[in-house]
Structure formats: C-alpha cells, structure tokens
Amino acid sequence: MVVVIKKGTDEQQLYNLKEWLKSFGVDINESKGEYETVLGLIGDTSHIDTDLLSSLAIIDSVTRISEPFKAANRKFHPDDTVVDVNGIKIGGGNFQYIAGPCSVESEEQITYIASEVKKAGAMLLRGGAFKPRTSPYAFQGMRADGLRLLEEAKQQTGMPIVTEIMDISHLDLFENVDVIQVGARNMQNFELLKELGHTHKPILLKRGLAATMQELLMSAEYIMAGGNNKVILCERGIRTFETYTRNTMDISAIALLKEKTHLPVIADPSHAAGFSRLVKPLALAATAAGADGIMIEVHNDPAHALCDGPQALTPEQFKEVVDDCNAIRDILNK
C-alpha cells in the first residue's frame, strides 16, 4: 500500500500517523520528495481501512499495490535512488563506467588495466577474484590473492573495486571491497541475498540466465528487506534459443526496469555479446535505452586472457566505447 501525504503536513501529525500504521504490524518505507512525502507500507495491509485512511486531512491518496516487490517498487519511492560508492554516484542522472578484466591474473595485469581504463573514463574497477565457471577444469580465479591484488590496484589508482562473491562463507574476505557483485548464477541464492541485506555495502545484482524482470526485482527485494537499499541492477543478457551470441541482450528490460523500480539499472554488454565486436553496439543501445551505467570487460591481451578473452576489449577499444556512449548521452540530455 502507498500512502501519499499532503505537502505542508506537520511533523507531529506525520509521526502520529506512522505510529498508528505500525500498530497494524506493517513496516514503513518513507520517501520525502520536493513536493510530497510517500509512505510505502510493507506487510499485511488487509486490516487497514483504506476509506478511513483516505478520509484523514493529511492524506492526499491511498493506493494498494498488487506487485509482490514493495521496497524496490517505484510507486513506493518515486524518486530515483542514487547509490554512492566512495563519492561516485550511480543513478538519478549519474552515469558511470565500470571496467576491468574478467579475472585478476597478476599484479602487473590488474594495475596496468586499472590505470588504462581510468584514463579512458571508468570510475570503478571490476575484476574477478572468485570465478564461477561451467567447467570444473577451467580457471577458477586467484581467490583471496585476487582480492589482495584488486586492493593494491585500488590503492594505486583510487578506483573503488567491484568483484563477485560466490558464497556466504567468503563474506569476511570482502571487507575492503566497495561493491559486492552477485552474479547471474547466484541471483536466486536467497540465503546469500539475505546475508547481503545485513551489510552496508552497495550490491550489484545481475539478472539470472533465465530470470524474468519480476524475479530480478524479487531478488533485489530480498536484499532490501534486510535493510540494505544500496542495490544496483544489471542486465547482462538472458538465455534464449539464439546461438549467434553468448546471451540475448534484453534492451527492453532497461527501459521497463526504469519504469518499475527506483533502483539504478546498468548493462553488461560483454557477457551478453560474448564477442568483442558486438560490445560497442550493445553498449550504445543500452545507453540510449536509459541505463545508468555500463560494465565492460577490458584486458591488455585478450588473446591470452585466462577467462572470457573473446568478449574482452583492449583499453583503446574501451576508450572508443566511452567516447561514443558519451556522445549518445549528450544527445539524450539536450
């Protein structure tokens, strides 16, 4: 249920209303905008008399929400959420590039790539320390050593780091990670999501291989229900019958998610495409569709990368993508 409060309502009246509503056993998500205050009631609201509520002098409107996701729903929170990562803002008109290698391979590799992508326009450094791989014989990442190397690259460049968590048991190792990524395979690992809801770190949540948009939003709801509202959604392509690309980039999801939720929405064209030559056009399409950022895999030597080399861009190619996406954004902002 969404309750819109009239502008100019006395704080004491608002407090009294919230206390009365809480007596029904619901949680309240309060969003204060420039012109109105919105109370999102989360829980069983069947015992609340909407006619009585609407008759109160301070109430502008009351609406019951049918969607199962509440905290992530834009109706509960009309203004865009802006996620702040060490002063770098994502959402609400703030567009960011997240770039780096699929896997951390060495100190020289990660520090060089970090320096290059920063010069090209990236503000956050991505890199895999723990790698979920389809084959048990494929490179699984440097694990704790990879996290240590990411931290060294952060110290040298000042870039916040984004890296994927695989298991709840690894959470203590992520103390110095700035954005914890939940990969497509873990999007519905609900125990992990609940635990991340108790952290105060931004969470980058990727859409699952065959997940609907509502399922993605419900996964975000698990994190937010735990008290962590710093969630960034990521469209990275879904599994379809198409075989010419690694996944199918769902551009419509970017526009629709921006309608349905106040959370920032970014795109990962690298995993959607699977081929470096397709990354640029998909990045441009995602930017035009209204994404709040782009995450791209960049490697100094893609042909010899230990993981996902065919979809990685060189630093020079990444700079071209940044320049062209910025040109698209200039057009959109006119």
Side-chain angles (χ1 to χ4, degrees), residues 83-90 95-133 138-166 170-183 201-204 206 232 234 236 266 268-271 276 279-280 283 293-323 325-326:
V83 176
D84 191 310
V85 184
N86 297 354
I88 298 170
K89 296 179 179 180
I90 304 174
F95 186 98
Q96 302 297 345
Y97 297 98
I98 306 170
C102 174
S103 295
V104 179
E105 298 172 7
S106 68
E107 179 179 358
E108 180 182 13
Q109 174 240 22
I110 190 62
T111 53
Y112 173 77
I113 294 174
S115 175
E116 290 299 301
V117 297
K118 182 177 182 180
K119 287 191 290 186
M123 296 297 289
L124 296 97
L125 173 66
R126 63 143 292 150
F130 294 85
K131 293 303 301 177
R133 305 300 301 278
F139 177 59
Q140 304 289 314
M142 295 182 68
R143 304 174 72 81
D145 286 338
L147 291 176
R148 177 179 57 79
L149 294 180
L150 281 169
E151 291 173 28
E152 291 182 11
K154 174 184 174 180
Q155 291 174 2
Q156 291 190 30
T157 63
M159 299 176 73
I161 52 179
V162 181
T163 193
E164 182 173 351
I165 192 168
M166 295 280 293
H170 300 157
L171 191 56
D172 289 344
L173 297 173
F174 281 65
E175 182 179 355
N176 296 321
V177 171
D178 301 288
V179 180
I180 299 177
Q181 175 181 311
V182 176
K201 291 182 180 292
I203 308 299
L204 194 158
K206 285 195 166 187
I232 303 163
C234 181
R236 45 81 70 200
I266 70 168
D268 176 357
S270 299
H271 280 89
S276 59
V279 170
K280 180 177 175 179
I294 302 292
M295 183 158 70
I296 291 179
E297 290 188 1
V298 180
H299 198 283
N300 56 311
D301 186 9
H304 296 96
L306 296 181
C307 178
D308 286 349
Q311 66 195 36
L313 302 184
T314 63
E316 294 76 19
Q317 290 172 324
F318 173 67
K319 179 64 166 62
E320 292 180 9
V321 173
V322 170
D323 290 343
C325 285
N326 286 343

When you measure from the side chain of [X] to the backbone N and O of [Y], does any donor-acceptor pair fall under 3.5 Å?
X: Ser270; Y: Glu297; answer: yes
X: Lys118; Y: Met159; answer: no
X: Glu105; Y: Leu306; answer: yes
X: Lys280; Y: Cys325; answer: no

### Message
Evaluate Asp308 against His271 for side chain to side chain contact (heavy atoms under 4.5 Å, CB included), listing each step before the verdict.
### Response
CA-CA 9 Å; Asp308 286 349; His271 280 89; 3.7 Å; yes
### Task
Would you please test Leu313 and Ile296 for side chain to side chain contact (heavy atoms under 4.5 Å, CB included) and show each step?
CA-CA 8 Å; Leu313 302 184; Ile296 291 179; 3.8 Å; yes
### Query
How far does CD1 of Ile113 sit from OG1 of Thr314, to the nearest 0.5 angstrom?
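Rounded to the nearest 0.5 Å, the CD1-OG1 separation comes out at 10.5 Å.
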### Message
Return the CD1 to CG distance between Ile165 and Leu171, rounded to the nearest 0.5 Å.
### Response
4.5 Å
### Task
Answer yes or no: are there more than 12 heavy-atom neighbours, outside Lys89 itself, under 6.0 Å from its atom NZ?
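No, because the 6.0 Å sphere around NZ of Lys89 holds 12 heavy atoms or fewer from other groups.
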### Task
Scan Ile161, Val162, Leu204, Asp178 and name whichever one has a side-chain contact (heavy atoms from CB on, under 4.5 Å) with Val85.
Asp178
### Query
Do the side chains of Glu116 and Val298 get nearer than 4.5 Å, heavy atoms only?
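No - every pair of side-chain heavy atoms lies 4.5 Å or more apart.
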### Query
Should the pair His170 and Phe130 be assigned to parallel (<30°), tilted (30 to 60°) or perpendicular (>60°) ring geometry?
parallel
### Query
Would Tyr97 and Asn326 satisfy side chain to side chain contact (heavy atoms under 4.5 Å, CB included), going step by step from the backbone distance to the final call?
CA-CA 10 Å; Tyr97 297 98; Asn326 286 343; 2.7 Å; yes
### Task
Go through the steps to decide whether Gln181 and Ile98 satisfy the test side chain to side chain contact (heavy atoms under 4.5 Å, CB included), and finish with yes or no.
CA-CA 12 Å; Gln181 175 181 311; Ile98 306 170; over 6 Å; no
